[in-house]
Amino acid sequence: MQDIFADLQWRGLIHQTTADDKLPQWLSGEARTVYAGFDPTADSLHVGSLLPLMMLRRFQKAGHRPIALVGGATGMIGDPSGKSAERNLLSEEQLATNIVGIEGQMRKLLNFDAGKTSALLVNNNDWMKEFSYTAFLRDVGKNFPVNVMLNKDSVKSRLGSDAGLSYTEFSYMLLQAYDFVHLNQQYQCELQIGGSDQWGNVTAGIDLGRRMLGKQLYGITCPLLTKSDGAKMGKTESGAIYLSPDRTSPYEFYQYWVRVEDDDVGMCLRFLTELTEEEIKSLDLARAAEPHQRASQKRLAEEVTKLIHGEAGLKSAKQATEILFGAEIADLSDKELQQIFADVPSVTLPMARLNGGVPIVDALVEAGLSKSKGEARRTVDQGGAYVNNQRVESVEKTLSSSDLASETVIVLRSGKKKYSLMKFSG
RNA sequence: GGGAGGGUACCGAAGCGGUCAAACGGGACAGACUGUAAAUCUGUUGGCUUAGCCUUCGCAGGUUCGAAUCCUGCUCCUCCCA
């Protein structure tokens, strides 16, 4: 049994606990069962969910049993914590597909075949759907003093706002609290972990456990994954970074981590990787001494990509990175290019167009790199357009067969990081 | 129901008869510097067949040689009173 508490502590993963003095010993005594809840708002988890998921993984590796709870029931209601407005409700069908997608991702991080410490995946809708409303009010609702609920931050802030709070969202807390009780009865689960915004819900579950079962349950919250400027990690201008390769390709995923700011990368290494304290500290030193080497970012990207997309995903992401950020692209085969640029958007034009010569301005627009010809012209004028990683010098340039990087493909680029493939066929 | 103000480009916000494709700020894009970081600096930011042309200032009409600017109707929003 490893000392999970100390591990979490040096990583900075403990924000609050319900029993600071007891937990370290309690966790080192014997194998415990611990759970964390996940919201099935999309068919893929995003970077924000990575942190609690990694927490479960750490617990499992330390010899405890993790339960990942998918909120099929609570997802229908919507958690008011940290939300400024009432949420849109998800349909049952949507929830069902979302849960399937999320399950697959959890299997990559948690071991579901590890004997006593095998991970479990449960859906709270499985026990909530059989619960009658009156029975729920009698057995669970009875234990919730409304004056206590009104004192929760998540409720207070909403009551003060114009948006108000519906009875439905107000009841969210009861459902989540009951989850904990149910998991305790069913699986002897005694510890809930969650983000710091879940504190209110976690403690509600613990209170309910004491009232209904007379048992002592525990809770740990971890910090939220936010950047030094307060923004959430995992959000880009073009949307969230997802764990599903269909939504966010391994290359994009890898690139996101490579581009993490210096100020945030130390935290990411601690929160999201399983590197040891020594390794991380030496990376901290390296970063201070020779920041331009960006060893921390590279290591972070490698570790996290490997975890989510496996060795193969990491390999292709790194390969693409090497080529894309390297020198001129030439003398490659279609096959190689296809592989390297698997993630990059592409367009296909008839070969006849190429023989006639494609003006660079048109090419940029058709490849989706510029919104209009005017914008394309500007990009070229400003020196921001590249063909096969070689800067385009003039707006007059036309693409011809001599610009092909392989048999049928030309690699276009706008600015530093935006790529597109132009394929010619026929 | 009464009164007041307002809808301008991605967002905020000037302009109130011609010199308006429309100030300024933010954002975004590109460049320089760098380290695929941050900060900073520079340029660009309606479209096109680009010395020019076309379409834009809530919508529809009108006045005028000429309208984002004036008039009429409609519509939406904000505030104040009931």
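Chain letters run A, B, ... following the sequence lines, proteins first, then strands; residues in each count from 1. Because the structure is predicted, anything quoted here is derived from the model rather than measured.
Aromatic ring pairs are classed by plane angle as parallel below 30°, tilted from 30° to 60° and perpendicular above 60°; the pair A/His309 and A/Phe253 is perpendicular.
No hydrogens or angles considered: a donor-acceptor pair under 3.5 Å links the side chains of A/Asn124 and A/Thr74.
Pairing of B/rC79, defined by two Watson-Crick or G-U wobble distances under 3.5 Å, is identified with B/rG3. Across all strands shown, B/rA14 forms no Watson-Crick or G-U wobble pair with both distances under 3.5 Å. The partner of B/rU45 is B/rG27, by the rule that a Watson-Crick or G-U pair needs both atom distances under 3.5 Å. Nucleotide B/rA68: unpaired (no Watson-Crick or G-U wobble partner with both distances less than 3.5 Å). A 3.5 Å limit on both hydrogen-bonding distances identifies B/rG58 as the Watson-Crick or G-U partner of B/rC74. In this structure, B/rA39 forms no base pair with any nucleotide, since neither Watson-Crick nor G-U wobble geometry is met with both distances under 3.5 Å.
Distance from the side chain of A/Thr321 is smallest to B/rU36 among B/rG31, B/rA30, B/rU36. Taking the side chain of A/Lys416 as heavy atoms from C-beta on, and the options B/rA32, B/rU36, B/rU34, the nearest nucleotide is B/rU34.
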Completion exercise
The contact string for nucleotides 21-26 of chain B, one letter per nucleotide 5' to 3', using protein heavy atoms under 4.0 Å with B, S and - for base, sugar-phosphate only and none, comes out as ------
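A/Thr276 is linked by a side-chain hydrogen bond (donor to acceptor under 3.5 Å, both in side chains) to A/Glu279, counting only residues two or more places apart in sequence or in another chain. Every residue two or more places apart in sequence or in another chain that forms a side chain to side chain contact (heavy atoms under 4.5 Å, CB included) with A/Ala367 is listed here: A/Val347, A/Leu369, A/Leu412, A/Ser420, A/Met422. Scanning for salt bridge (charged side-chain N to carboxylate O under 4.0 Å, His left out) contacts around A/Lys417 gives an empty result, with sequence neighbours left out.
Within a heavy-atom distance below 4.0 Å of RNA chain B, no residue of residues 300-312 of chain A is found.
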What protein N or O atoms touch nucleotides 50-52 of chain B N or O atoms at under 3.5 angstrom, if any, and at what distances?
from: B/rU50; atom 1: O4; to: A/Arg377; atom 2: NH1; distance (Å): 2.3

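Remark: the backbone N or O of A/Thr117 is paired with a side-chain donor or acceptor of A/Gln60 at under 3.5 angstrom. Side-chain atoms of A/Asp334 come within 3.5 Å of backbone N or O of A/Thr408 as a donor-acceptor pair.
A donor-acceptor contact under 3.5 angstrom links the side-chain atoms of A/Asp262 to the base of B/rG35. One donor-acceptor pair, N or O on each side, does fall under 3.5 Å between the base of B/rG43 and the side chain of A/Gln382.
Both A/Gln297 and A/Arg378 lie close to RNA chain B; mapped to their nearest nucleotides by heavy-atom distance, the more 5′-ward contact belongs to A/Gln297. Comparing A/Asp362 and A/Ser414 by the nucleotide of RNA chain B that holds the closest heavy atom to each, the one mapping nearer the 5' end is A/Ser414.
Under the 4.0 Å criterion applied to side-chain N and carboxylate O atoms, A/Arg107 and A/Glu103 are assigned as salt-bridge partners.
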